[in-house]
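One structure is given here, and the rest of the page talks about it.
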2 protein chains.
Amino acid sequence: MNKINLTAQRKAVLEAVQYDDGHPTAAEVMERLREQGQQFAYATVYNSLKYLTDVGLLRELKLGEAASRYDARVDDHHHIVCKQCGRVDEVLSPTPDEWITAVEKATNYKVSNSHVVFEGVCGTCAQHKV
Amino acid sequence: MNKINLTAQRKAVLEAVQYDDGHPTAAEVMERLREQGQQFAYATVYNSLKYLTDVGLLRELKLGEAASRYDARVDDHHHIVCKQCGRVDEVLSPTPDEWITAVEKATNYKVSNSHVVFEGVCGTCAQHKV
DNA sequence: TATAAGATTTATACTAAATCTAAATATAAA
DNA sequence: TTTATATTTAGATTTAGTATAAATCTTATA
């Protein structure tokens, strides 16, 4: 029974992700902490993000950019990225089971999970017609 | 009307991806070229991969690893990664339209494309029970 | 309380993937 | 040919992240 050891640094990193409205990168977490006057070593932020991901309090997202993003929502879900402004939103609708079954049949894999990155234009950008 | 300018280097890079049975990374393309006695500058391989992707002869895949992989199959499709051996296979079954419509409704985005990374265990690994 | 064991943080060095720069070379156009 | 444009090259640089080892903090126990 591994207890989660939330040190001050880890707590601050966790909260920085939780209270970010988007899905911040490690660099953005650093920046946010600095704004709050909580400056930790570079490695501490990375270590904390890794630890929090390992214990299941955060989820690491690799959306095709160079840097990983972190999500305080850890339930299984997908993401949608706006091609214009770059914002990332949650997609809570799960991958249809029938589709997964079809893919398993076609590929001869046993699928354990899937992650979808949708791309498109968000409502705000569609209005502002950038 | 932009004609595609296939220099010797670009052609060699394209063929290295085409004749690779997997989805090679830039480093793997380099290696394969070296094996063939065709050694180009690091930047040339990257430039070529970029050019070939831009003109639509290759597709860049970001599957959550550090390095991008390249796919000579440029039609819209998904990928499945074996958690055990790391092999990457094509998933040709398209994202169900009804699901995309549901996601658009739920997120208020206009979806232009989607890419799914399935994870699981391939037939070979399932047999060998690693 | 003192002390030792273990975990965490920190600064710094390092690595991997990719891009940038500017000179050199090749190709095409006038 | 001469000039213009594009491509390749070597090497420096950038970015994201990891490794290392000393320093610090916690916890457990005598």
Side-chain angles (χ1 to χ4, degrees), chain A residues 1-17 20 22-34 36-55 57-71 81 86 88 117, chain B residues 1-17 20 22-34 36-55 57-71 81 86 88 117:
Chain A
M1 191 70 301
N2 302 351
K3 202 180 152 297
I4 293 176
N5 181 4
L6 261 202
T7 63
Q9 287 86 339
R10 288 174 182 166
K11 192 151 176 289
V13 168
L14 176 60
E15 286 169 358
V17 177
D20 194 298
H23 298 77
T25 61
E28 282 163 5
V29 169
M30 285 284 284
E31 196 182 336
R32 174 168 276 258
L33 290 169
R34 195 175 310 120
Q36 296 172 5
Q38 295 201 280
Q39 173 112 276
F40 304 131
Y42 211 68
T44 300
V45 172
Y46 276 100
N47 289 343
S48 298
L49 289 168
K50 190 157 209 256
Y51 178 86
L52 293 165
T53 301
D54 287 347
V55 300
L57 290 175
L58 290 181
R59 208 179 129 191
E60 184 181 8
L61 305 181
K62 308 209 173 182
L63 302 178
E65 301 160 293
S68 287
R69 297 190 166 273
Y70 291 85
D71 193 341
V81 183
V88 177
V117 180
Chain B
M1 191 70 303
N2 302 349
K3 201 179 153 298
I4 293 176
N5 180 6
L6 261 202
T7 63
Q9 287 86 338
R10 287 172 184 168
K11 192 150 174 290
V13 168
L14 177 59
E15 286 170 0
V17 177
D20 194 299
H23 299 77
T25 61
E28 282 163 4
V29 169
M30 285 285 282
E31 196 181 337
R32 173 168 275 260
L33 290 169
R34 195 176 308 120
Q36 297 173 5
Q38 295 201 280
Q39 172 113 277
F40 304 132
Y42 210 70
T44 301
V45 172
Y46 276 100
N47 289 343
S48 298
L49 288 169
K50 191 159 210 252
Y51 177 87
L52 293 164
T53 301
D54 286 347
V55 301
L57 290 175
L58 290 181
R59 207 178 130 192
E60 184 181 8
L61 305 181
K62 309 210 173 181
L63 303 179
E65 299 160 294
S68 287
R69 298 190 166 273
Y70 291 85
D71 193 342
V81 182
V88 177
V117 180

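Numbered from 1 within each chain, the chains take letters A, B, ... in sequence-line order. Keep in mind that this is a model prediction, so the values were computed, not measured.
For Asn47(B), the side-chain contact (heavy atoms from CB on, under 4.5 Å) partners at least two apart in sequence or on another chain are Ala43(B). Among residues two or more places apart in sequence or in another chain, the side chain to side chain donor-acceptor pair (under 3.5 Å) test is passed with Lys50(A) by none. Residues forming a side chain to side chain donor-acceptor pair (under 3.5 Å) with Glu60(B) (at least two apart in sequence, or on another chain): Ser68(B).
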Original post:
When every nucleotide of nucleotides 17-30 of chain C is labelled 5' to 3' by its protein contacts under 4.0 Å (heavy atoms), B for base, S for sugar-phosphate only, - for none, what sequence of letters results?
Top reply: SBBB----------
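Atom CZ in Phe40(A) sits about 17 Å away from atom P in dT24(D), given to the nearest Å. In this entry the distance linking CG of Asp54(B) with P of dT7(D) reads 12 Å, nearest Å. Straight-line distance from the CD atom of Glu65(B) to the P atom of dG17(D): 15 Å, rounded to whole Å. Whole-Å rounding puts the Ile4(B) CD1 to dA6(D) C1' distance at 16 Å. One atom, CD of Gln38(A), and another, P of dT9(C), lie 13 Å apart when rounded to the nearest Å. Put simply, CG on Asn5(A) is 10 Å from P on dA7(C), counting in whole angstrom units. Distance OH (Tyr51(B)) to P (dA6(D)): 11 Å, rounded to an integer number of Å. When rounded to the nearest whole Å, the span between NZ of Lys3(A) and C1' of dT8(C) equals 15 Å.
Contact detail for Ser48(A) and Val13(A): the closest heavy-atom pair is CB-CG2, 3.8 Å. Between Val88(B) and Arg69(B), the shortest heavy-atom distance links the atoms CG2-CD, 4.4 Å.
Each of Thr53(B), Asp20(B), Leu61(B), Thr25(B) was checked for a side-chain contact (heavy atoms from CB on, under 4.5 Å) with Tyr70(B), and the lone residue meeting it is Thr53(B). Paired with Leu49(A) under the rule side-chain contact (heavy atoms from CB on, under 4.5 Å), one option of Val17(A), Leu14(A), Thr44(A) passes, and it is Val17(A).
For the helix from dT1(C)-dA30(D) to dA30(C)-dT1(D), the axis fitted to the five pairs at one end and the axis fitted to the five pairs at the other end meet at an angle of 10° (nearest 10 degrees).
Between Thr7(A) and dA7(C) there is no side-chain polar atom (N or O) within less than 4.0 angstrom of OP1 or OP2. Here Thr44(B) reaches the OP1 or OP2 of dT9(D): one of its side-chain N or O atoms lies under 4.0 Å away.
Counting heavy atoms from C-beta on, the side chains of Ile4(B) and Leu52(B) never come closer than 4.5 Å.
Nearest nucleotide to the side chain of Gln9(A), out of dA7(C), dT9(C), dT7(D): dT9(C). Side-chain proximity of Arg10(B) to the nucleotides dT8(C), dT10(C), dT8(D) is greatest for dT8(D).
Applying the salt bridge (charged side-chain N to carboxylate O under 4.0 Å, His left out) rule to pairs touching residues 37-48 of chain B yields nothing, sequence neighbours excluded.
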